Amino acid sequence: MAVTYLNTGVEYAASILRVMSFSYVLTVLAAGYFIAGVVLVLNLYRSGFLRGNILGIAVSVIFWVTGLTFAAHILLLGSDDRFFWTQVVSAIASFIAIFGFILLSFKSRFIVGGYQALQVTRKQLQQNEKWMQIMQENMTDGLAVYSLDGRLLYVNPAASHLLGIKEEELKSIPNSIFGVGHKTELEIEQIKRMAVKEGETITKIIIHKPHNEESVVEVKLSPVYGKFNKVIALTASYRDVTEIYELERAKEEFIQIASHELRTPLTAVRGFLALLQMKRYGRLSLKQKEIVSKATTAAARLSKLVDNLLVVARIEESRLSYNPELVDLRDLINSTVEELAGEADRCSVSLKNLSLDKPLPEIMADKEKMQQIITNLIGNAIKYTPEGGHVYVEYGLKNNHIEVSVSDTGIGIAKDDLDKLFHKFERIRNNRSVRVGGSGLGLVIVKSFAELHGGTIKVQSVEGRGSTFTLSFPVNRLITNPAHQETQSSYA
Amino acid sequence: MDKKILLIEDDNLLSEMYAMILRDEGYPVSQIKDGRTAINFDLNEVGLVLLDIRIPEVDGLEVLRYYRRHGFDKPIIVLTNSPQVNLTQALELGADGFMIKSHTEISDVLKIVQKHI
């Protein structure tokens, strides 16, 4: 029916053409069919429909085959056994054409609809991409993506602006996360390792600009997870924190100055009150003694408040300025012990380093703060040890932790006071601590600095016999230098 | 032995306070309030210097350095308001001791002076 109809149609067209004998018209028609097929296929291909789509390939093949058979049909019109061949060829052509048309009529909606949908989706994607690009290029925060081996995969203009380095330059240097000259290769590897392990690391760098200006840039490095939760890249976000930094600095400076200004007259008040109580300036009546004693208590309380203000300021400041670099802890401890030997001498206390030659891995730490931790601990031990006593410093690796301990044969700490020891607003009063005139803030600072490094501090003490303070830093977090890994394992 | 004490302290009240107890103990005391005067001061007869670190015009550490460089070999005790000031540096420059003013009892001031002079 349909076949016959089409067959008849083709025959009819052929007979008309034969009658017209316009052989060149036939050629043009056949060529037209080819071109139409090619155009259609190309259009379909361009719409993305033919890419990886079996139906699309089938449709294109149908058009080509139909076109070819129809062309053969027409060309064979002039040959002798044309009747037989025209029948065969036209039957095949008609069958394929009809099969193709049926397929097309079924799928035409899909093709057109799919094509339209694809166009819409593509437009949206293009739009989204455009917005993403506008966002990334115009945001004030810098953004960069690095492969794990340190190749720059993406960087936005803000990042190169904040680092003060051209994009091309950033791309040409491996591991350019922190710009140029701010961190050593080893330190960068350390920070990267920390980011992979811990999820996020924040580093501050100071960028020197022309005209003697400086800006503080906070670099947040975080891992990008791929399949199986494996880290496949690192994103770095950059933020100019100069203003916050300066504000914090100003605040801290204000507290410092304020507490200095408060302290001076307060010292005078307390001093004069003490003079008033001295017999050499005349005897006080009982009532007068009571009054002076109350004034002294109030002045002491005020003095403590000022001290606390200073501690808070210092701890705040330490968080602000935490600046890790590779530190040879062994060297640092040994030289600190040497530095304090003079003071121990003055106090007639023997200071011994029991671990002089023990190996320790280099660690990522804030050198200044680490030094202060060690100085405070040893200084305290010397201060609270009576003449003729001993202070021992020991360090080593234990259970994947770097442990530093400072022991003394000093006055010790009462059990009840052990808990208060590291608290911000507690200070243990005993006769000795008043006499040695310590600020009592050292340990609070030690604890907060140790925590800044992911460490802890513990204390064991027997009153009257001595104390041992033990610092502990997890090696996994701090170690980077692979050269020391062996040392570490052979040690453990 | 020279008993004269040179007291370099910019705060009037504190200076008066230290001077009072020292004088009452029998030490002659010269009071100075700034670094420039300290550098020009004639150190003959001075047996001990109490030196505040935070003083105007010339920093206390500079005064310390100047005194030691110019052959002054008597004890110098550094006074400071906060323990943060780099005391190690003061000791390296040749100070013989230090006092954190807000944490030193007035009677201890006397003891420290007596110990060093």
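Only a predicted model underlies this, so the values are computations on that prediction, with no experimental measurement involved. Naming: A, B, ... by sequence-line order, numbering from 1 per chain.
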Worksheet item: When you measure from the centre of the six-membered ring of A:Y392, is the NZ or CZ of A:K352 under 6.0 Å away and within 45° of the axis?
Response: no

Item to complete: Could you check which of B:L13, B:D96, B:L14, B:V109 has the highest count of heavy-atom pairs closer than 4.5 Å to chain A?
Response: B:L14

Worksheet item: With no hydrogens and no angle check, do the side chains of A:S335 and A:E338 hold a donor and an acceptor under 3.5 Å apart?
Response: no

Worksheet entry | Donor + acceptor pair across side chains of B:S15, B:N12 (<3.5 Å) | no

Counting only heavy atoms closer than 4.5 Å, note whether [X] contacts chain A via side chain, backbone, both or neither.
X      : result
B:I112 : neither
B:M20  : both
B:E25  : both

Fill in: Check: A:V404 and A:E394 side chains under 4.5 Å, non-hydrogen atoms
no

